[in-house]
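Contents: one structure, followed by commentary.
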Amino acid sequence: MDLSAQERAPILEALQKFKKQRVVPFDVPGHKRGRGNRELTDFLGEQCVTIDVNSMRPLDNLCHPVSVIREAEQLTAEAFGASHAFFMVNGTTSAVQAMVLSACKKGEKMIVPRNVHRSVINAMIIGGAIPVYVNPQTNRQLGIALGMSVSEIQKAIEENPDAKAVFVNNPTYYGICSNLKAITELAHRHHMQVLVDEAHGTHFYFGENLPVSAMAAGADMASVSMHKSGGSLTQSSFLLTGKAVNASYVRQIINLTQTTSGSYLLLSSLDISRRNLSLHGKEQFGQVVEIAQYARNEINRIGDYYAYSKELINGDTIFDFDVTKLSIHTLEIGLAGIEVYDILRDEYDIQVEFGDIGNILAYISIGDRQKDIERLVSALAEIRRRYKRDKTGMLEQEYLSPKVVLPPQQAFYADKTSVPIEESAGHVCTEFVMCYPPGIPILAPGEEITPEIIEYIQYAKAKGCFLTGAEDMNTDRLNVLKEEG
């Protein structure tokens with residue numbers, strides 16, 4: 001990577017030049033550099049609203065970049081070791097959907113772990129791809145789904161030689177990494193593309209002694225949430241492609257769903273953040289690793305909590321571990337992760353990323369400080385002292401393997417009827433149910449509802465998990481396949 005070239009930030013530079021020109025706006029947006037909405041300007045600041053501008057010749061066009069955005073894409077591709085990079089302003093969700101829609105047409109198969117983000121299944125609903133689910137193994141002690149086993153993917157490929165792609169989560173929300181290089185080589189031997197949801201792995205490209213990145217492993221496409229660990233604004237992301245991918249076709253797919261009014265606030269934040277990580281990422285992520293490890297050590301000294309790390313590695317379903325992820329198991333203090341999450345927020349003014357049935361995730365990145373870690377550790381110690389109870393009756397199973405009856409698109413658009421959740425066992429679900437975050441479906445369209453799934457949903461509701469996806473906002477009723485007759 002040419003570090004001297006990485007000092008450039010073409011979109012930022014174009015915006016700075018544009019501001020100096022004092023152009024009179026007779027275009028959108030209608031707030032006209034903030035003058036038309038003083039309350040908004042006072043809240044966000046003049047520096048912000050004056051660069052909330054429309055595409056124009058000096059600033060290029062996200063849908064068809066030929067100048068500064070194109071140059072920024074080229075610098076990003078070089079920084080990430082990709083053949084091409086796309087700036088995404090509809091979130092990593094749109095990057096994931098672009099990968100799926102690029103790789104698979106209607107009726108074509110894709111091998112995918114069932115513990116994917118809902119955006120993957122949404123893309124199948126839109127495009128009509130057929131999922132071949134590989135159910136992940138679970139760590140029953142922690143109640144988390146693990147990575148993809150190479151042998152399980154091998155089996156899925158042998159049973160579905162006509163599949164077009166293999167989709168991999170790497171890392172998972174909890175920090176679990178699969179053997180991405182072996183999976184990629186296996187898929188390529190069978191002429192299948194490899195798509196990687198790398199939403200939580202931006203730092204793999206810049207840090208030292210971290211798990212392999214998707215592009216370094218030879219994957220064909222990767223969606224990278226720059227706003228998560230990379231420092232850009234929320235909703236900004238990159239889609240990276242490898243040398244065997246037709247980038248021009250991928251851009252056409254992106255333009256099917258991404259806005260034609262790309263926000264220059266988001267675009268410039270991606271440009272600036274890429275420059276920062278290219279020049280300083282190694283040092284910054286080195287500090288992130290140190291802080292995360294310090295936090296793990298201190299939390300594990302408290303007792304009962306378990307902040308897990310590389311000791312979980314087994315060479316297959318946990319091939320590697322992302323040590324920046326501060327994942328903490330809570331059941332030994334007699335509290336569900338979501339209960340600890342709520343106590344931290346409501347009583348200690350500490351907001352962690354999410355809490356599920358048995359774990360919380362405190363997201364550590366380039367903006368964290370040592371004193372904030374000390375505050376988190378102290379709060380967790382006090383919560384244990386104040387709230388610890390017998391864990392008898394705690395639900396330990398976090399991932400339930402579904403029974404797939406219909407493809408997602410067919411189920412989602414089928415005739416349906418609404419039934420009370422307690423009467424839904426045996427029916428085929430036509431919608432999603434998930435805790436958000438992390439946004440991994442408990443139920444997805446086309447899956448059979450079982451008593452175990454109903455028990456899990458009701459337990460999650462009782463513990464305070466934020467359930468989303470169902471048409472009924474309270475998740476008291478589920479839409480199911482309408483039975484003929």
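Positions are given from 1, in the same order as the sequence printed here.
Residues satisfying the ring pair (Phe, Tyr, Trp, His ring centres under 6.0 Å) test with F80, not counting sequence neighbours, are Y205, F206, F238. Applying the salt bridge (charged side-chain N to carboxylate O under 4.0 Å, His left out) rule to D322 yields the partners K325; only residues at least two apart in sequence or on another chain are considered. Scored by the ring pair (Phe, Tyr, Trp, His ring centres under 6.0 Å) test, H329 finds no partners at all (sequence neighbours excluded). Residues passing the side-chain hydrogen bond (donor to acceptor under 3.5 Å, both in side chains) test with K164: none are found, sequence neighbours excluded. Looking at residues two or more places apart in sequence or on another chain, you find a side-chain hydrogen bond (donor to acceptor under 3.5 Å, both in side chains) between Q6 and R274, S278. In this structure R70 satisfies the salt bridge (charged side-chain N to carboxylate O under 4.0 Å, His left out) test with no other residue, sequence neighbours excluded.
Between E347 and R386 a salt bridge is recorded (basic side-chain N to carboxylate O distance below 4.0 Å). A salt bridge links K463 and E339; the closest N-O separation between the charged side-chain nitrogens and carboxylate oxygens is under 4.0 Å. Checked for salt-bridge contact, R8 and E13 meet the test: a charged N lies under 4.0 Å from a carboxylate O. Using a cutoff of 4.0 Å between basic side-chain nitrogens and carboxylate oxygens, K109 and E159 are not scored as salt-bridged. In this structure, D320 pairs ionically with K310, as a charged nitrogen and a carboxylate oxygen lie closer than 4.0 Å. D342 and R345 are joined by a salt bridge, as a carboxylate oxygen and a charged side-chain nitrogen come within less than 4.0 angstrom of each other. For the pair E73 and R251, the salt-bridge criterion is met [side-chain N within less than 4.0 Å of a carboxylate O]. Look at E298 and R301 and you find a salt bridge, because one of the NZ, NE, NH1 or NH2 atoms lies within 4.0 Å of a carboxylate O, short of that distance.
Here the rule is side chain to side chain contact (heavy atoms under 4.5 Å, CB included) with N139, and of L146, N314, T317, I176 only L146 fits it. With L380 as the fixed residue, the side chain to side chain contact (heavy atoms under 4.5 Å, CB included) test singles out one of D304, V340, I333: V340. Checking I121, N122, I130 one by one against P408, the side chain to side chain contact (heavy atoms under 4.5 Å, CB included) holds for a single residue, I121. For the side chain to side chain contact (heavy atoms under 4.5 Å, CB included) with I11, the lone residue among D60, L267, I51 that qualifies is L267.
Residues H188 and D220 have side chains that bring a donor and an acceptor to within less than 3.5 angstrom of each other. Side-chain contact annotation: N359 with S327, donor-acceptor N/O pair under 3.5 Å absent. With no hydrogens or angles considered, a side-chain donor-acceptor pair links E382 and Y348 at under 3.5 Å. In the model, D356 has a side-chain atom that pairs as donor or acceptor with a side-chain atom of Y174 under 3.5 Å. Counting only N and O atoms by type, the side chains of Q74 and E78 include no donor and acceptor under 3.5 Å apart. No side-chain donor-acceptor contact under 3.5 Å links Q137 and D316. Using a 3.5 Å distance cut-off with no hydrogens or angles, the side chains of S273 and S232 do not pair a donor with an acceptor.
Note that CE of M226 is 8.0 Å distant from OG of S236, once rounded to the nearest 0.5 Å. Within the model, atoms CE of M221 and CG of D197 stand 13.0 Å from one another, a figure rounded to the nearest 0.5 Å. Taken from CD in Q97 to CD1 in I254, the straight-line distance is 11.5 Å, to the nearest 0.5 Å.
Side chain of S263 to backbone of L265: a donor-acceptor contact under 3.5 angstrom is found. A donor-acceptor distance shorter than 3.5 angstrom exists from the side chain of Q258 to the backbone of V89, with no hydrogens or angles considered. The backbone N or O of E198 sits nowhere less than 3.5 Å from a side-chain atom of N170 that would complete a donor-acceptor pair. Proximity of a side-chain donor or acceptor of N300 to a complementary backbone N or O of R296 within less than 3.5 Å is detected. Between the side chain of S378 and the backbone N or O of E374, at least one donor-acceptor pair lies under 3.5 Å. At least one donor-acceptor pair under 3.5 Å links the side chain of N179 to the backbone N or O of A182. Looking only at distances, a side-chain donor or acceptor of S213 sits under 3.5 Å from a matching main-chain atom of A216. Without hydrogens or angle criteria, E311 side chain to S309 main chain gives a donor-acceptor distance under 3.5 Å. Not one N or O on the side chain of N115 forms a donor-acceptor pair closer than 3.5 Å with the backbone of A145. Put simply, the side chain of T330 gets close to the backbone of L335: a donor and an acceptor are under 3.5 Å apart.
Taking both residues in full, the closest heavy atoms of P131 and V112 are given as CB-CG1, 3.8 Å, listed atom of the first, atom of the second, then distance.
Within a 6.0 Å radius of NZ in K243, other residues, nucleotides and ligands contribute 12 heavy atoms or fewer. Other residues, nucleotides and ligands contribute over 12 non-hydrogen atoms within 6.0 Å of the CD atom of Q351. By the neighbour-count criterion of 12 heavy atoms within 6.0 Å, atom CD of Q370 is densely surrounded, having more than that number from other residues, nucleotides or ligands. No more than 12 heavy atoms of other residues, nucleotides or ligands shown are found within 6.0 angstrom of NZ on K181.
In this structure, H203 and F285 have tilted ring planes: the angle between them lies in the 30° to 60° band.
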With ring pair (Phe, Tyr, Trp, His ring centres under 6.0 Å) as the criterion, how do F466 and Y341 come out once you've worked through the C-alpha distance, each side chain's angles and the decisive distance to 0.1 Å? CA-CA 12 Å; F466 183 53; Y341 169 101; over 10 Å; no
Any chance you could lay out the side chain to side chain donor-acceptor pair (under 3.5 Å) test for Q284 and N276, step after step, and finish with the verdict? CA-CA 10 Å; Q284 289 178 332; N276 175 58; 3.0 Å; yes
Check against side-chain contact (heavy atoms from CB on, under 4.5 Å), V134 and V166: CA-CA 10 Å; V134 175; V166 176; over 6 Å; no
Evaluate the salt bridge (charged side-chain N to carboxylate O under 4.0 Å, His left out) criterion for residues R275 and E7: first the C-alpha distance (whole Å), next the side-chain angles of each, then the deciding distance (0.1 Å), finally the verdict. CA-CA 6 Å; R275 179 173 69 178; E7 292 177 355; over 6 Å; no
Decide yes or no on ring pair (Phe, Tyr, Trp, His ring centres under 6.0 Å) for H200 and Y363, but give the supporting numbers first. CA-CA 10 Å; H200 298 277; Y363 212 96; 5.8 Å; yes
Hey, mind stepping through F319 and L180 against side-chain contact (heavy atoms from CB on, under 4.5 Å) and telling me if it holds? CA-CA 9 Å; F319 184 77; L180 191 54; over 6 Å; no
